[in-house]
2 protein chains.
Amino acid sequence: MARNGLDINMIISRGAQLVNEVGLENITLKMIAEDLGVKTPSLYNHITGLEELKMQLMLYGWKQMEQRIMQSVIGVSGYDAIRAGCYAFYEYAIENPGLFNVMLWYNKFQNEETMEATSGLFSVLFKITSSLNISEENCNHIIRTLRGFLEGFSLLVNNESFGNPISIAESFELSINIIIEGIKTLEEIQGGIE
Amino acid sequence: MARNGLDINMIISRGAQLVNEVGLENITLKMIAEDLGVKTPSLYNHITGLEELKMQLMLYGWKQMEQRIMQSVIGVSGYDAIRAGCYAFYEYAIENPGLFNVMLWYNKFQNEETMEATSGLFSVLFKITSSLNISEENCNHIIRTLRGFLEGFSLLVNNESFGNPISIAESFELSINIIIEGIKTLEEIQGGIE
DNA sequence: TTACAAAAACTAATCGTATTAGTTATAATA
DNA sequence: TATTATAACTAATACGATTAGTTTTTGTAA
């Protein structure tokens, strides 16, 4: 029926590589098109524009991260699973700095597809936290605590915003310890009340 | 000697208002110039370009936030001061969503002026944490924990990334409780060792 | 009071990328 | 082999950032 040169998956996966190489602020359609050996307008046969591509990259990143987190928690449970999931998140984020920026910035548009991409991730987190002796509502709060810390800390690392020369790895480890210990006290308090 | 129409402070303060209104992704020099009643090239007599303006806005935001945090901890100490400082950070961030995005994205360029702007903020945090029974190194780690959580959580709130309908205010309160309780266990452990 | 000079503001022009309009080429299918 | 859907192309447009060069203003000093 027509030429079978590009397809949207090629554009997205190549875009993901390029955005990690040059950063979110420098990625252009022109660059992606040249990389794929076509002229810029040809991309418009597969995407509606730069904004949609960034949305697609955001979804691509979250789906990949979900896979990594799911793999990381196989065979572990409870607080060990929380720890493993946090490390998987952090490692994916710092391995993919450009893509992670896209994931953060384009997470704002709330539509069905966005929900679908991130809901899988949250259901993993929810299953982990639900195995603890904590109310469902507090599980949801805790997921927000973890999301907040993980997104913020990863962003700070990627931006090289920590001026102090002390170890970033130790900061991350201690932070996770702090949060887990904090959650444990919550569990005890709630256990006492019930 | 010359006309005294604009100065850089007018551009920055007006830019800060506008970026909160239209968002980081939509702010343009053209918009700021029109708002100030001049043509776009006139801005170049005061700034080197859009990038420098964003850097200046980033510094402006961090300095303002530092003031807010310092005021918030007057008269309180220990964990109450940590709590007050965290709330001051969060409230400033959600009151200034566009500017806060600038603060996050342009925090990457590490020069003397950047350091100066954020070092004041960190010295406040360091004074607070130093009053606890925690080693200096761990104080620095804890500051990173707090920065990570506060930046990430605020970003999630500003982007409306929390799909779940449960209260964001309660999530923040519980998160701070978790982190403070986590820090307390750290303090006890270290106290026991010493 | 008036001429000067520094600096700000202006107009005109350039550049780069996104996007759109309209044309050409390809490949599956009838 | 002819058709046709569709992808890729060329050409053109739009818009903002930036630069070059000109004009205007205003404090200072003759």
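In the text below, chain A, chain B and the rest are named by the order of the sequence lines, each starting its count at 1. Just so you know, these numbers come straight off a predicted model, no measurement behind them.
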Among pairs that include at least one residue of residues 46-87 of chain B, which meet ring-ring contact (aromatic ring centres under 6.0 Å, His included), considering only residues two or more places apart or in two chains?
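Every ring-ring contact (aromatic ring centres under 6.0 Å, His included) pair that includes a residue of residues 46-87 of chain B, provided the two are not neighbours, is B:Y87-B:F172.
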So, under a plain 3.5 Å distance rule, would you say the side chain of B:N45 forms a donor-acceptor pair with the base of C:dA7?
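Such a pair does not exist between side chain and base.
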Run the salt bridge (charged side-chain N to carboxylate O under 4.0 Å, His left out) test against B:E21 and tell me which residues pass, sequence neighbours left out.
none
Set of residues satisfying salt bridge (charged side-chain N to carboxylate O under 4.0 Å, His left out) with respect to B:E170, sequence neighbours excluded
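With sequence neighbours excluded, B:E170 shows a salt bridge (charged side-chain N to carboxylate O under 4.0 Å, His left out) to no residue whatsoever.
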Can you name the side chain to side chain donor-acceptor pair (under 3.5 Å) partners of A:R144, sequence neighbours left out?
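A:R144: side chain to side chain donor-acceptor pair (under 3.5 Å) contacts with B:S171.
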A:S72: which residues meet the side-chain contact (heavy atoms from CB on, under 4.5 Å) condition with it, sequence neighbours left out?
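Expected list: A:I69, A:A84, A:A88.
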Listed by chain and number, what are the ring pair (Phe, Tyr, Trp, His ring centres under 6.0 Å) partners of B:F162, not counting sequence neighbours?
B:F153
For [range], which residue pairs qualify under salt bridge (Lys or Arg N to Asp or Glu O under 4.0 Å), counting only residues two or more places apart or in two chains?
range: residues 30-43 of chain A; value: A:R14-A:D35, A:K30-A:E34
range: residues 52-65 of chain A; value: none
range: residues 74-96 of chain A; value: A:R68-A:E95, A:R83-A:E173

Expected list for residues 5-24 of chain B near DNA chain C, using heavy atoms below 4.0 Å, is B:G5, B:L6
Sorted by number, the residues of residues 27-37 of chain B with heavy-atom contact under 4.0 Å to DNA chain C:
none
Reading nucleotides 19-24 of chain D 5' to 3', which nucleotides get B (base under 4.0 Å from a protein heavy atom), which S (sugar-phosphate only), which -?
B----B
